[in-house]
Amino acid sequence: MPPVFPTTRLRRTRQNQWIRRLVSETTLKVDDLIWPVFVVEGKGQCQPVPSMPGVYRWSIDTLVEQATKARDLGIPAIAIFPNIEEGKKTEKAQEATNPDNLVCRSIEKLKKNLPDLGVMTDVALDPYTPHGHDGILIDGHIDNDTTLSVLRAQALNQAKAGCDILGPSDMMDGRVGVIRDALEGKGFKNTLIMSYAAKYASGFYGPFRDAVGSKNQLAGDKKTYQQDPANTDEALREIQMDIQEGADMVMVKPGLPYLDVIHRASQTFNIPVFAYQVSGEYAMICAAADNGWINRDQVMLESLLSIKRAGGRGILTYDALNLAEKKLITAA
Ligand code: PBG
């Protein structure tokens with residue numbers, strides 16, 4: 001029998017906070033979040049990213065201070081993205097495999113000072129190439145298999161520095177398998193891989209490219225390797241392959257415009273599915289709030305909750321520290 005009024009009054013379970021708390025289906029906790037952070041060379045740096053209010057590029061020393069706050073508030077992990085000096089960007093992305101590069105030094109310092117904070121890194125070449133593409137360009141095309149060998153070396157370089165979670169975000173075919181194989185071969189049995197499995201060629205990455213300094217360099221777009229926003233079956237194939245190749249967790253990116261993909265992925269596979277609330281999603285909320293059009297924190301929480309409701313196990317969000325500091329969410 002379908003529920004009928006007035007026997008059933010759905011407002012009964014909404015009438016005050018205690019009952020709403022009891023019947024709520026989905027929760028967002030600090031435990032669900034990974035905090036992406038930008039790092040630059042230097043000391044004492046706290047450079048605001050204009051297109052992302054509240055987001056800064058930190059030098060390693062200030063990054064450690066911020067990461068300490070995150071750890072103390074219960075945020076399980078941070079994800080590091082480097083802003084590499086122009087002079088270090090090369091066609092072959094050599095800096096990506098330099099054991100003394102900015103990312104490796106950041107990992108080492110973080111793991112030494114905060115061994116119980118998870119550290120994730122990006123495996124992709126875009127911060128290291130002058131053209132801002134995630135792979136190696138040969139005759140105007142991103143060459144998949146040439147890129148794989150550089151990614152393999154980059155991943156090992158980060159694992160050696162102590163990285164806990166490698167995040168291949170490049171969307172080359174076969175990269176997860178190559179990286180997993182390299183890790184096993186070198187004895188890094190416990191290094192986790194969270195693959196950016198379903199990563200779309202999205203307009204929502206604009207502010208990120210500003211933050212890492214690849215915005216003005218990007219030649220063309222990333223449509224030959226990142227996914228077509230029209231497709232979801234293809235996302236499932238990407239995820240399935242990454243699982244077979246050795247991913248421990250998979251990610252859908254961006255988050256809010258792809259809730260259907262998060263939902264399908266989490267229903268289809270029994271592997272933790274994460275989502276990335278990307279820079280453009282974050283920036284839109286901040287920009288509307290700065291105009292007084294929406295309540296920033298309320299919309300941020302609602303947006304993140306929708307990702308959990310869709311089936312996301314956890315979320316990368318630039319707002320992790322803010323939400324935890326304001327006690328808008330807590331650890332379990
Ligand atoms: C590149 C990378 C990007 C992001 C994470 N890793 C940008 C891109 O693919 O161009 C985007 C994150 C964001 O927008 O917040 N490997």
Side-chain angles (χ1 to χ4, degrees), residues 79-82 84-108 119-199 201 212 214 217-227 237-251 253:
I80 307 173
F81 294 93
I84 300 294
E85 297 154 305
E86 290 309 315
K88 292 190 175 157
K89 301 187 181 194
T90 57
E91 288 294 329
K92 292 192 172 149
Q94 279 100 336
E95 183 64 10
T97 56
N98 169 6
D100 198 36
N101 70 19
L102 182 58
V103 169
C104 291
R105 279 181 280 123
S106 305
I107 301 168
E108 281 156 11
V119 174
M120 173 166 170
T121 53
D122 218 43
V123 182
L125 306 182
D126 53 304
Y128 306 99
T129 54
H131 43 69
H133 276 293
D134 295 38
I136 303 289
L137 261 182
I138 299 182
D139 297 333
H141 296 285
I142 298 299
D143 191 83
N144 195 85
D145 300 7
T146 308
T147 302
L148 288 184
S149 64
V150 187
L151 293 173
R152 179 185 190 281
Q154 180 185 28
L156 276 180
N157 192 32
Q158 294 175 352
K160 279 184 199 146
C163 173
D164 299 299
I165 310 175
L166 295 171
S169 72
D170 53 285
M171 290 299 279
M172 295 303 116
D173 285 326
R175 88 273 210 219
V176 173
V178 164
I179 294 169
R180 177 56 76 207
D181 205 52
L183 292 172
E184 285 294 319
K186 297 284 183 201
F188 294 106
K189 293 192 286 272
N190 289 326
T191 305
L192 293 149
I193 298 178
M194 181 190 291
S195 73
Y196 288 63
K199 176 172 177 179
V212 297
S214 63
Q217 298 150 358
L218 186 65
D221 55 46
K222 301 191 174 185
K223 290 181 185 168
T224 70
Y225 45 105
Q226 299 181 348
Q227 278 197 70
R237 295 177 74 198
E238 284 281 3
I239 292 170
Q240 184 176 34
M241 287 182 76
D242 285 1
I243 296 171
Q244 273 163 356
E245 290 176 28
D248 304 288
M249 301 164 276
V250 294
M251 189 206 294
K253 178 185 173 191

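All of these numbers come straight from a predicted model, not from anything done at the bench. Numbering of residues begins at 1 and proceeds along the displayed sequence.
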Next item on the list: Using the side chain to side chain contact (heavy atoms under 4.5 Å, CB included) rule, take L125 and H133 through it: C-alpha gap first, then chi angles, then the decisive distance, then the call.
Entry: CA-CA 7 Å; L125 306 182; H133 276 293; over 6 Å; no

Notebook entry, point to check: Atom OG1 in T191, atom CD in E184: separation rounded to 0.5 Å?
Noted result: 9.0 Å

Checklist line | Distance (rounded to the nearest 0.5 Å) between N101 CG and K88 NZ | finding: 8.5 Å

Item checked: Distance, nearest 0.5 Å, that separates OG1 of T97 from CD of Q158 -> 10.5 Å

Next item on the list: Looking only at non-hydrogen atoms, find the nearest pair between A182 and L156 and report the distance.
Entry: O-CD2, 3.7 Å

Checklist line | Under 3.5 Å donor-acceptor, D126 side chain and G132 backbone | finding: no

Note to self: side chain to side chain contact (heavy atoms under 4.5 Å, CB included) for H131 and L137? Distances and angles first, verdict last.
What the structure shows: CA-CA 9 Å; H131 43 69; L137 261 182; 3.5 Å; yes

Check: Quick one: does D248's side chain get under 4.5 Å of R180's, heavy atoms only?
Finding: yes

Notebook entry, point to check: Yes or no on side chain to side chain contact (heavy atoms under 4.5 Å, CB included) for H141 and T224, after CA distance, side-chain angles and deciding distance?
Noted result: CA-CA 9 Å; H141 296 285; T224 70; 5.9 Å; no

Check: In Å, rounded to the nearest 0.5 Å, how long is the span from CZ of R152 to NZ of K186?
Finding: 7.0 Å

Next item on the list: State, with a plain yes or no, whether a side-chain heavy atom of V150 is found less than 4.5 Å away from one of K92.
Entry: no

Notebook entry, point to check: Is there a side-chain contact between V178 and L151 (heavy atoms, below 4.5 Å)?
Noted result: no

Notebook entry, point to check: Are any of the side-chain heavy atoms of Q226 and Y196 separated by less than 4.5 Å?
Noted result: no

Check: Residues two or more places apart in sequence or in another chain: which of them pass salt bridge (Lys or Arg N to Asp or Glu O under 4.0 Å) with E91?
Finding: none

Next item on the list: Indicate the atoms forming the closest heavy-atom contact of G135 with T129, along with that distance.
Entry: O-CG2, 4.1 Å

Notebook entry, point to check: With a 4.5 Å heavy-atom cut-off, do I193 and L183 have their side chains touching?
Noted result: yes

Notebook entry, point to check: Do L166 and T121 come within less than 4.5 Å of each other through their side chains, counting heavy atoms only?
Noted result: yes

Checklist line | Minimum heavy-atom distance E238-D173, with the two atoms named | finding: OE2-OD1, 4.5 Å

Margin query: Working note: D170 + K222, criterion salt bridge (charged side-chain N to carboxylate O under 4.0 Å, His left out); need CA distance, chi angles, decisive distance, verdict.
Written below: CA-CA 10 Å; D170 53 285; K222 301 191 174 185; over 6 Å; no

Next item on the list: Please list, chain by chain and in numerical order, all residues satisfying salt bridge (Lys or Arg N to Asp or Glu O under 4.0 Å) with D122, sequence neighbours excluded.
Entry: none

Checklist line | Shortest non-hydrogen contact between I84 and P127, atoms and distance | finding: CB-O, 3.4 Å

Next item on the list: List for me each residue that meets ring-ring contact (aromatic ring centres under 6.0 Å, His included) alongside F188, sequence neighbours excluded, and say none if there are none.
Entry: none

Margin query: Could you report the tightest heavy-atom contact between T147 and M172, atom names first, then the distance?
Written below: CG2-CG, 3.7 Å

Next item on the list: Using a 4.5 Å cut-off on heavy atoms from C-beta on, say whether the side chain of M171 contacts that of D134.
Entry: no

Note to self: Please tell me whether N157 and Q154 have a donor and an acceptor in their side chains that are separated by less than 3.5 angstrom.
What the structure shows: no

Next item on the list: Look only at the side chain of R105 and the backbone of D100, and say whether a donor-acceptor pair between them is shorter than 3.5 Å.
Entry: yes

Notebook entry, point to check: What's the shortest heavy-atom distance between I239 and A197, and which atoms?
Noted result: CG1-CB, 3.7 Å

Item checked: Interatomic spacing from NZ in K253 to OG in S169 - rounded to 0.5 Å -> 5.5 Å

Next item on the list: Measure the CE-CE distance between M120 and M249 for me, rounded to the nearest 0.5 Å.
Entry: 7.5 Å

